[in-house]
Amino acid sequence: MDRNPSPPPPSRDEDGDEAAGGDCIGSTVYSKHWLFGVLSGLIQIVNPENPKSSSDDEEQQTELDEEMENEICRVWDMSMDEDVALFLQEFNAPDIFMGVLAKSKCPRLREICVGILGNMACFQEICVSISSDKNLGQVLLHCLYDSDPPTLLETSRLLLTCLSQTEVASVWVERIREQPAIYDSICFIMSSSTNVDLLVKVGEVVDKLFDLDEKLMLEWVRNGAVQPLDQPQEDSEEQPVFRIVPCVLEAAKQVRSENPEGLDVYMHILQLLTTVDDGIQAIVQCPDTGKDTWNLLFDLVCHEFCQSDDPPIILQEQKTVLASVFSVLSAIYASQSEQEYLKIGKGKYDFIDLPLIDSLIRVLQNLEHCQKKPENSAESNTEETKKSDLTQDDFHLKILKDISCEFLSNIFQVLTKETVAQGLKEGQLSKQKCSCAFANLLPFYSPVVADFLKILQEVDEALAGNLEESFPSLKVQT
């Protein structure tokens, strides 16, 4: 059976004129009469006229009649049409669905009802109406405590739709803030679910929440503070404390191979966390969390993204996730520089500098290729196209370049003579790569480049001289 079968044809029981016009919903061919029948059936499910025995009733509530499932699935499909959605709103269908969600124990029925509300919320007028109903809002948020993955997925989709509507986003943020248990539920999903679709959608909700409200993000970071050492271990086991960073990392690992867009979402969550000091501390203050974060991101940039055998254009697909990853790595790197005791178990920086330099310079090289404009393209000369380019790809590429340059400059500042010598030997600091690095770092990071050049002169005077010739502005400083 299809999950969402095709919508029903107009009712054949009505007169021809009524079926062709009066019985139709808006400009569609869907039948009002048929829809009334389905909604009435829903009401009967949650408020039966002749209740059965408690055991029979419980069994009925967890199972959905096949015919009713087919019909309500058709409504789900139909609700993507604005005329149908508005008609459902006019008929007070959200109240019916709220009753189902409050009373029904049938996972499939709950999933479908939330799914229909999710479709209806795609239309602004209805989204505002749904969001203004406090009781419905509480019932929907309570669905986040559900154990049924499809229901959780539809609830997350509905929530993301509402959070994306400027008029009502703050209403939902405040409701979520008022229910601290939502934090535990979302963290539990991220840390334990293997349903990639659910993880991606929950990640999008968290990403949107953090982007909308820094205060909520800080509250969630602090919710995960490590328990006091004097707290009894048995209490800890009874009520596990979820920390946001490990949960995000676990979800990122789960979606990594199956959903690149989902990985992008979770990397952006980590990036948002690094915009506040408490978020950075949440990553680095626990050695295991810091190490896990560093290892995952280090592996992504050194062994997965923008590899030497990838075409330069691959950067267009990876630009946003790379910007997030480099931003987080840079924040961790800077934090480790300030706090020697938090070195994430990696020993000296020398062990990790060269692969990072190689990855950063390769990204900068590919950026140069991506930012080249076709010389003979008629489109590239129009003002409209230029504006469009600047607000889309070029904007994200510029962000990636800025983040990469800042991170590279931070690494250059701590390079030792031994590391530079090893980089020359292994090829990470060849003349071509140094030239690319200098071209991107100058003039904003001139002091950093000048200090690096002094170290390079001690290791390879000829190469240093060649680079000085290529970049005359450095001669004055050195």
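- With sequence neighbours excluded, the residues forming a salt bridge (charged side-chain N to carboxylate O under 4.0 Å, His left out) with Glu204 are Lys201, listed by chain and number.
- At a threshold of 4.5 Å between non-hydrogen side-chain atoms, the residues Cys73 and Ile112 count as touching.
- Glu214 is linked by a side chain to side chain donor-acceptor pair (under 3.5 Å) to nothing, counting only residues two or more places apart in sequence or in another chain.
- Nearest heavy atom pair, residue Cys370 against residue Gln316, reads CB-NE2, 4.1 Å.
- Classification of the Trp294-Phe298 ring pair by plane angle, with boundaries at 30° and 60°, yields parallel.
- Taking all atoms of both residues into account, the shortest heavy-atom contact from Thr151 to Pro107 is OG1-O, 3.4 Å.
- Residues Met217 and Thr275 share a closest heavy-atom pair of CE-OG1, 3.9 Å.
- Considering Leu160, Val168, Thr161, Thr166 in turn, Leu160 is the only one that fulfils the side chain to side chain contact (heavy atoms under 4.5 Å, CB included) rule with Ser164.
- Ile280 CD1 to Ile332 CD1: the interatomic distance, rounded to the nearest 0.5 Å, is 9.0 Å.
- Scanning for salt bridge (charged side-chain N to carboxylate O under 4.0 Å, His left out) contacts around Asp299 gives Arg256, with sequence neighbours left out.
- Rounding to the nearest 0.5 angstrom, the gap separating the SG atom in Cys24 from the CG atom in Asp83 is 10.5 Å.
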What pairs of donor and acceptor atoms, side-chain ones from residues 90-97 against any protein atom, are under 3.5 angstrom apart with sequence neighbours left out?
none

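- Rounding to the nearest 0.5 Å gives a distance of 4.5 Å between CG of Leu141 and CD1 of Ile182.
- With sequence neighbours excluded, no residue forms a salt bridge (charged side-chain N to carboxylate O under 4.0 Å, His left out) with Asp211.
- Rounding to the nearest 0.5 Å places NE2 of His369 at 15.0 Å from CG of Leu364.
- Under the 4.5 Å side-chain criterion, counting only non-hydrogen atoms from C-beta, Val255 is not in contact with Val265.
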Tell me which donor-acceptor pairs under 3.5 Å the side chains of residues 322-330 have, and how far apart each pair is, sequence neighbours excluded?
residue : atom : partner : partner atom : Å
Ser324  : OG   : Gln271  : OE1          : 2.8
Ser324  : OG   : Thr320  : O            : 3.3

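- Summarising the geometry of Ser156 relative to Leu198, their closest heavy-atom pair is OG-CD1, 4.3 Å, with the distance given to 0.1 Å.
- Contacts of Asp207 classified as side chain to side chain donor-acceptor pair (under 3.5 Å), with partners at least two apart in sequence or in another chain: His268.
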Side-chain donor-acceptor pairs under 3.5 Å in residues 400-408, sequence neighbours left out?
residue : atom : partner : partner atom : Å
Asp402  : OD2  : Lys398  : NZ           : 3.0
Ser404  : OG   : Leu400  : O            : 2.8

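- With sequence neighbours excluded, the residues forming a side chain to side chain contact (heavy atoms under 4.5 Å, CB included) with Ser191 are Phe242, Cys247, listed by chain and number.
- Residues His33 and Phe36 place their aromatic rings such that the two centres sit no closer than 6.0 Å.
- Using a 4.5 Å heavy-atom cutoff, the side chains of Thr155 and Asp146 are not in contact.
- Shown here for Ile116 and Trp76, the closest heavy-atom pair between the two residues is CG1-CA, 3.5 Å.
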Yes or no on side-chain contact (heavy atoms from CB on, under 4.5 Å) for Val200 and Glu261, after CA distance, side-chain angles and deciding distance?
-> CA-CA 8 Å; Val200 172; Glu261 292 80 11; 5.8 Å; no
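- Between the side chains of Thr289 and Arg243, at least one donor-acceptor pair of N or O atoms lies under 3.5 Å.
- A donor-acceptor contact shorter than 3.5 Å links the side chain of Arg362 to the backbone of Cys306.
- Between Phe123 and Met80 the shortest heavy-atom distance is CZ-O, 3.3 Å.
- When side chains are defined from C-beta on, Met98 does not count as touching Leu101, because their heavy atoms never get closer than 4.5 Å.
- Asp310 places a side-chain N or O within 3.5 Å of a backbone atom of Gln307 that can act as its donor or acceptor partner.
- Within a 6.0 Å sphere centred on CD of Glu258, other residues, nucleotides and ligands contribute 12 heavy atoms or fewer.
- Residue pairs that meet the side-chain hydrogen bond (donor to acceptor under 3.5 Å, both in side chains) test with at least one member in residues 114-130, sequence neighbours left out, are Ser79-Asn119, Gln89-Ser129, Asn119-Arg157, Gln124-Glu167.
- We find the CG-OG distance between Leu263 and Ser257 to be 9.5 Å, quoted to the nearest 0.5 Å.
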Using the side-chain contact (heavy atoms from CB on, under 4.5 Å) rule, take Leu273 and Leu270 through it: C-alpha gap first, then chi angles, then the decisive distance, then the call.
-> CA-CA 5 Å; Leu273 288 172; Leu270 289 175; 4.2 Å; yes
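- We find the CG-CG distance between Leu199 and Asn259 to be 9.5 Å, quoted to the nearest 0.5 Å.
- Side-chain contact between Tyr30 and Phe87: absent, with no pair of heavy atoms (C-beta onward) separated by less than 4.5 Å.
- Residues satisfying the side chain to side chain donor-acceptor pair (under 3.5 Å) test with Asp133, not counting sequence neighbours, are none.
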Given the rule in the salt bridge (charged side-chain N to carboxylate O under 4.0 Å, His left out) test, do Arg222 and Asp278 qualify, once you have shown the distances and angles that lead to the verdict?
-> CA-CA 8 Å; Arg222 291 162 186 164; Asp278 281 6; 2.8 Å; yes
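- A salt bridge does not link Asp148 to Arg110: none of the charged side-chain nitrogens sits closer than 4.0 Å to a carboxylate oxygen.
- For Glu174, the salt bridge (charged side-chain N to carboxylate O under 4.0 Å, His left out) partners two or more places apart in sequence, or in a different chain, are Arg177.
- At least one side-chain heavy atom of Leu212 sits under 4.5 Å from a side-chain heavy atom of Leu163.
- Annotation: side chain of Leu297 is in contact with side chain of Met267 (closest heavy-atom distance under 4.5 Å).
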Give the C-alpha distance, both sets of side-chain angles, the deciding distance and a yes or no for side-chain contact (heavy atoms from CB on, under 4.5 Å) between Tyr266 and Leu249.
-> CA-CA 8 Å; Tyr266 280 100; Leu249 290 176; over 6 Å; no
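- In this structure, the side chains of Cys106 and Glu63 stay at 4.5 Å or more apart for every pair of heavy atoms.
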